[in-house]
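What follows is a single structure, written as structure tokens, with notes after it.
Count residues from 1 along the sequence.
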Amino acid sequence: MAKKEIYLAVVIAAPGYPDNVDKGFSVPLLDDLPSDLQIDYAAVKKDGHNLISSGGRVATIVGHAKKIQLAQKDVYSYLDRSNLQLAYRHDIANQLAKFERDNQ
């Protein structure tokens, strides 16, 4: 049986996305990511040593774990303590996590 791996992606967006996107927000360089997380930047521009938002979808953070509940916990714990001025949904994979819990 193949090893089960879960990847959970949460988009970090600029305020006002998708209709009236606010630009120019500081985007933290999330270089202290745990090994089970990765970030892919999108709508950013470099300003000296800083990243500034330049569009709607600023970045995507991806968690990797053996269960969706663990990936979800890791991604959201990291985002919640990052004090971002940017927006992200807090319900990504909730239905799958509930299904996983109910069928353990």
Side-chain angles (χ1 to χ4, degrees):
M1 186 165 165
K3 180 179 165 185
K4 179 179 165 185
E5 296 183 5
I6 300 292
Y7 290 87
L8 174 80
V10 176
V11 173
I12 303 166
Y17 176 81
D19 298 320
N20 299 309
V21 175
D22 295 332
K23 298 177 184 175
F25 285 88
S26 177
V27 178
L29 292 168
L30 303 176
D31 55 1
D32 62 337
L33 287 171
S35 62
D36 58 341
L37 299 180
Q38 128 183 7
I39 190 159
D40 296 307
Y41 293 98
V44 296
K45 64 181 180 179
K46 197 159 185 165
D47 182 20
H49 294 293
N50 301 311
L51 293 178
I52 305 297
S53 67
S54 62
R57 291 181 177 216
V58 175
T60 301
I61 188 164
V62 180
H64 176 232
K66 292 184 181 190
K67 293 186 173 197
I68 194 66
Q69 296 170 73
L70 296 174
Q72 193 181 43
K73 178 181 169 272
D74 290 346
V75 168
Y76 285 122
S77 292
Y78 189 81
L79 285 172
D80 290 344
R81 71 176 180 264
S82 295
N83 297 316
L84 297 173
Q85 295 179 325
L86 303 166
Y88 55 92
R89 289 179 50 173
H90 291 80
D91 64 342
I92 302 298
N94 278 353
Q95 290 178 338
L96 183 55
K98 181 182 180 327
F99 177 83
E100 188 177 78
R101 277 191 305 275
D102 293 347
N103 291 286
Q104 289 185 15

Residues passing the side-chain contact (heavy atoms from CB on, under 4.5 Å) test with Thr60, sequence neighbours excluded, are Ala9, Val11, Val62
| task | May I ask whether Ile52 and Val27 are part of the same hydrophobic cluster, defined by side-chain heavy atoms of I, L, V, M, F, W, Y residues being less than 4.5 angstrom apart, directly or through others? | result | no
Hits for salt bridge (Lys or Arg N to Asp or Glu O under 4.0 Å) against Lys98, two or more places apart or cross-chain, chain-then-number order -> Asp102
| request: Answer yes or no: is there a donor N or O on one side and an acceptor on the other, between the side chain of Glu100 and the main chain of Ile68, under 3.5 Å? | output: yes
- [ ] Determine, step by step, whether Tyr88 and Val58 satisfy the side chain to side chain contact (heavy atoms under 4.5 Å, CB included) criterion, reporting the C-alpha distance in whole Å, the side-chain angles of both residues, the deciding distance to 0.1 Å, and the verdict.
- [x] CA-CA 10 Å; Tyr88 55 92; Val58 175; over 6 Å; no
Residues passing the side-chain contact (heavy atoms from CB on, under 4.5 Å) test with Leu37, sequence neighbours excluded, are Leu33, Pro34, Ile61, Asp74, Val75, Tyr78
- Message: Let me check something: do Leu70 and Ile92 share a hydrophobic cluster, defined by ILVMFWY side-chain heavy atoms less than 4.5 Å apart, either directly or through other members?
- Response: no
**Asked** Are the side chain of Asn103 and the backbone of Phe99 linked by a donor-acceptor contact shorter than 3.5 Å?
**Response** yes
_Under the criterion side chain to side chain contact (heavy atoms under 4.5 Å, CB included), I'd like the reasoning laid out for Glu5 against His64: C-alpha separation, chi angles, the key distance, then a yes or no._
CA-CA 7 Å; Glu5 296 183 5; His64 176 232; 3.3 Å; yes
Hydrophobic cluster identity match, Tyr41 and Leu79, side-chain contacts under 4.5 Å: yes
Worksheet item: Judged by atom type as modelled, is there a donor-acceptor pair below 3.5 Å linking the side chain of Ser53 to the main-chain atoms of Lys23?
Response: no
Sequence neighbours excluded, the answer for salt bridge (Lys or Arg N to Asp or Glu O under 4.0 Å) partners of Arg89 is Asp91
Using the rule given for side chain to side chain contact (heavy atoms under 4.5 Å, CB included), can you reason through Lys67 versus Lys73, listing the C-alpha separation, both sets of side-chain angles and the distance that settles it, and then say yes or no?
CA-CA 10 Å; Lys67 293 186 173 197; Lys73 178 181 169 272; over 6 Å; no
Quick check on the hydrophobic clustering: are Val10 and Ile39 connected, directly or via other members, by side-chain heavy-atom contacts under 4.5 Å? yes
By side-chain contact (heavy atoms from CB on, under 4.5 Å), Ala13 pairs with (sequence neighbours left out) Tyr17
So salt bridge (charged side-chain N to carboxylate O under 4.0 Å, His left out) across residues 34-58, not counting sequence neighbours, yields none
